[in-house]
Asker: 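The structure's right below; bear with me while I get my questions together.
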Amino acid sequence: MTAFESPQQPFLSDVKTLRDRARKSLEYGAVTDTYGGDPEKAVEILQSVLATELVCVLRYTQHSIVATGISSQSVKNEFAEHAREEHEHAQWVAERITQLGGVPDFNPDTLTARSASQFAAGVDLVDMIKENLIAERIAVAHYQELIRYFGDNDPTTRFLLERILAVEEDHADEMHDLLVAHEGKPMLSG
Ligand SMILES: [Fe+2]
Ligand SMILES: [Fe+2]
């Protein structure tokens, strides 16, 4: 009996049991017996997160290049910075899909159908900022839901999404500040 067990209730698996289990299921990679979720469902959900992030990379990259107008350079730099961060998120999510036994889907043919956010080019600088703010708010709402879904069943995926969510909230905040700076009023005030 280990320090973690009592006759009434084995609390934590002892090291030997954990090692035996890990050895018996090497083909499952990072997914062990203690994984509380459904790995296939988790992969399916993360494919949509990956697509969402990839669409964000494309939208911000396009905006960072085509944005024009007075004081557009600082906005372009911000779009470019966001594009880099969205790319980083896509990589993290793709790696998690691989850990869960899936194959990350980068197929451009079906990208927008799998994504929660849309690709919108935007006709001018203010329009671009608005499109990005909308996309960020969609991502924030979507990821908050997913964090609740993963809960304690898959803390690794939940933690990954929490990390990404914090950045998306910053992005939304920055887009909102830009909108106020360029339009003089907050978008959501009507
Ligand atoms: Fe992102
Ligand atoms: Fe973002």
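Each ligand, and each atom within it, is numbered from 1 in the order the structure gives.
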Asker: With a 6.0 Å cut-off (strictly less than), is the heavy-atom count around CD of E40, excluding the residue itself, greater than 12?
Answerer: no

Asker: Going by atom types only, do R96 and Q99 share a side-chain donor-acceptor pair under 3.5 Å?
Answerer: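 Judged by distance alone, the side chains do pair up.
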
Asker: Have N132 and E136 got a donor and an acceptor in their side chains that come within less than 3.5 Å?
Answerer: no

Asker: Taking side chain to side chain contact (heavy atoms under 4.5 Å, CB included) as the criterion, tell me which of I65, I129, T61 meets it with F79.
Answerer: I129

Asker: In terms of side-chain heavy atoms, does H82 have a donor or acceptor partner in E174 at a distance below 3.5 Å?
Answerer: yes

Asker: Once you measure the plane-to-plane angle for H171 and Y60, does it fall in the parallel (<30°), tilted (30-60°) or perpendicular (>60°) bin?
Answerer: perpendicular

Asker: Closer than 2.8 Å to the Fe ion (ligand 1), which protein N, O or S atoms?
Answerer: E53 OE1, E53 OE2, E86 OE1, H89 ND1, E168 OE2

